[in-house]
Amino acid sequence: PRTLCETAYMAQLPLQWFKAMIAMELRNVKYEIFRKECCNTDIFLDRRPFHYYNTGTGTLHSLTRNLYLLLEELPMNITVIYASGRKTRSSPYQIAQMLIKELLEDGTCFSFFLPDDIPHICTGCRACILGKEHACKGAAAMAPILEAMEQSELILFCAPTYVYHVPGQMKSLLDHLAYRWMVHRPDLSFMKKQAVIINTAAGGGMRSTVRDIKDRTENLGFARTHCISQSVWDYAWNDLPESFRKSIQHKVTRTARNVRHCARHLTPAPKVWCEFTLYRFLHKHKKMSTVDDAYWQEHGYNTGWPWKNKK
C-alpha cells in the first residue's frame with residue numbers, strides 16, 4: 001500500500017483511481033499486518049494519519065486521510081439475543097438482520113433465542129450475589145451466552161413490547177446477569193463494548209421497554225447503548241407498509257453509522273463513567289460486601305481506566 005501511495009503521488013493520479021487500487025491490494029491483507037508494516041502504530045491509534053507522510057496538503061494528504069478512513073473499520077463480532085423464536089413474521093428479528101448486514105463483515109455472529117437457550121427462570125436464590133454463581137441452576141445455560149458476549153464487540157438485544165415492558169424471558173436473562181453489575185463483580189471488558197436495543201410495539205410502551213434493558217446495559221458497564229424503536233401496529237413483517245419500512249431502514253442506517261463512529265474511539269457514556277467512578281471509590285475503601293470488594297481488588301479495578309487498556 002505504501003508503494004501504491006508513493007506511485008500515485010508521483011504520477012498525480014486522481015484520488016478515486018488509486019483508492020480502488022489500494023482497496024484491491026488490501027482485500028487479502030490482514031489489518032494487523034498492514035498496521036505493523038505500513039503505519040506508525042502510535043500515530044495510527046492517535047487518529048493522526050496525516051503526519052505519517054508529512055505532506056501537509058495536496059493529493060497525498062487527501063489520500064492518507066481517505067486510506068485511514070478505509071482501514072479503520074475493524075472486524076466486529078456480534079452477539080444477538082432474541083426474546084422470541086419467531087423469525088419470518090417478527091419485526092425485531094428482521095430489523096436485527098438488517099443491522100447485522102450493515103455491520104458484520106469479517107466478524108462472527110452468535111445468535112441465541114429465548115427461552116430455548118436459557119429455559120431456567122431466575123428464582124432470586126442470591127447464589128450469584130454471594131459469589132457462588134456456578135451454583136445457579138441456570139449457570140450451564142448461561143455459559144455459552146457469556147462466552148459469546150466476551151468475544152463480541154457489539155451485543156444486540158431484540159425485544160418486542162409485552163404489556164408495556166420487556167418480555168419475561170428477556171427479563172429473566174438479564175436477572176441472571178445481576179451479579180455482573182458494576183456495584184457487584186463486573187466484567188469491565190464490557191466498557192469496551194457497545195449494545196443496541198431493538199424494540200417494536202403494536203402501540204405504546206416502547207420507551208418503558210427500552211428503559212428496562214438500557215438500565216441493565218448501563219449497570220453492566222457497556223460503553224454505549226444505542227436504540228432502534230419502531231411502532232409496527234398490528235402488522236406482521238411481511239405486511240408492513242412501505243412507509244414503515246423506510247423509517248426502519250433510516251433508523252438502521254443511522255444506528256450502524258453511530259456504532260462505527262463510536263467504535264473508532266470508544267469511551268464510556270457519562271452515566272457509565274460516573275457509576276464506575278462511584279463504585280470504584282466504594283470498593284477501594286471497602287464500603288461494599290466483602291466478596292465484591294475482594295473481587296475488585298483481585299482484578300485491579302481499583303486503579304486505572306479499563307476502557308484505556310489495550311490488552
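Predicted model, so just to flag it, every value in this text is computed and none were measured. Values below: all heavy atoms of this structure, side chains included; hydrogens, waters and symmetry mates excluded.
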Heavy-atom closest contact ([X] atom, [Y] atom, distance):
X	Y	answer
Pro144	Phe112	O-CZ, 3.6 Å
Asn77	Gln151	ND2-O, 3.0 Å
Ser111	Asp117	O-OD2, 4.5 Å
Phe222	Thr225	CB-OG1, 4.3 Å
Cys227	Thr255	O-OG1, 4.1 Å
Met288	Asp293	O-OD2, 3.0 Å

[X] [atom1] to [Y] [atom2] distance, which is reported to the nearest 0.5 Å:
X	Y	atom1	atom2	result
Cys109	Ile78	SG	CD1	6.0 Å
Leu240	Gln230	CG	CD	7.0 Å
Leu104	Gln97	CG	CD	10.0 Å
Ser84	Tyr162	OG	OH	5.0 Å
Lys214	His226	NZ	NE2	9.5 Å
Asn302	Tyr279	CG	OH	15.0 Å

Please test Phe190 against Met149 for side chain to side chain contact (heavy atoms under 4.5 Å, CB included), starting from the C-alpha separation and ending with a verdict.
-> CA-CA 9 Å; Phe190 281 16; Met149 294 174 70; 4.0 Å; yes
Salt-bridge present (Arg254, Glu102; N to O < 4.0 Å):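 The answer is no: the pair does not qualify as a salt bridge.
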Quick one, [X] and [Y] - any side-chain contact, counting heavy atoms below 4.5 Å?
X	Y	result
His184	Cys128	no
Leu177	Arg216	no
Leu156	Ile100	yes
Lys193	Leu266	no
Val252	Ile95	yes
Arg86	Tyr93	no
Leu220	Trp181	yes
Lys137	Cys125	no

Ignoring hydrogens and geometry, is there a side-chain-to-backbone donor-acceptor pair from [X] to [Y] under 3.5 Å?
X	Y	result
Tyr295	Pro186	yes
His165	Gly205	no
Ser208	Tyr164	yes
Asp212	Val166	yes
Asn219	Asp215	yes
Gln169	Leu114	no

Kindly work out whether a path of hydrophobic side-chain contacts (I/L/V/M/F/W/Y, heavy atoms less than 4.5 Å apart) joins [X] to [Y].
X	Y	value
Val272	Trp305	yes
Ile81	Leu174	yes
Ile118	Ile155	yes
Phe157	Val210	yes

Check step by step if side chain to side chain contact (heavy atoms under 4.5 Å, CB included) holds for Phe276 and Met191.
CA-CA 10 Å; Phe276 167 77; Met191 299 190 83; 3.9 Å; yes
Worksheet item: Among Arg180, Met182, His299, Arg280, which residue meets the side-chain contact (heavy atoms from CB on, under 4.5 Å) test with Leu188?
Response: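 Testing each of Arg180, Met182, His299, Arg280 against Leu188, the sole residue satisfying side-chain contact (heavy atoms from CB on, under 4.5 Å) is Met182.
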Just checking, any donor-acceptor pair under 3.5 angstrom between side chains of [X] and [Y]?
X	Y	result
Thr88	Asn238	no
Ser152	Thr79	yes
Thr253	Gln249	yes

Query - Cation-aromatic face contact Arg245/Trp237, 6.0 Å, 45 degrees - result: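 Judged by the rule (NZ or CZ under 6.0 Å from the ring centre, within 45° of its axis), Arg245 counts as positioned above Trp237.
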Item to check | Stepwise side chain to side chain contact (heavy atoms under 4.5 Å, CB included) check, Leu173 with Ile145 | outcome: CA-CA 10 Å; Leu173 169 71; Ile145 299 177; 4.0 Å; yes
### Working for side chain to side chain contact (heavy atoms under 4.5 Å, CB included), residues Glu133 and Met142
CA-CA 10 Å; Glu133 55 269 22; Met142 284 296 297; over 6 Å; no
Output field: ring centroids Phe244/Trp233 closer than 6.0 Å =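 That pair passes the under 6.0 Å test.
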*asked:* Taking CZ in Arg211 as the centre, count heavy atoms belonging to other residues, nucleotides or ligands within less than 6.0 Å. Is the count above 12?
replied: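 Counting neighbours around CZ of Arg211, more than 12 heavy atoms of other residues, nucleotides or ligands fall under 6.0 Å, so yes.
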Suppose we screen for ring-ring contact (aromatic ring centres under 6.0 Å, His included). Which residues come up paired with Phe113, at least two apart in sequence or across chains?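 By the ring-ring contact (aromatic ring centres under 6.0 Å, His included) rule, Phe113 matches Tyr82.
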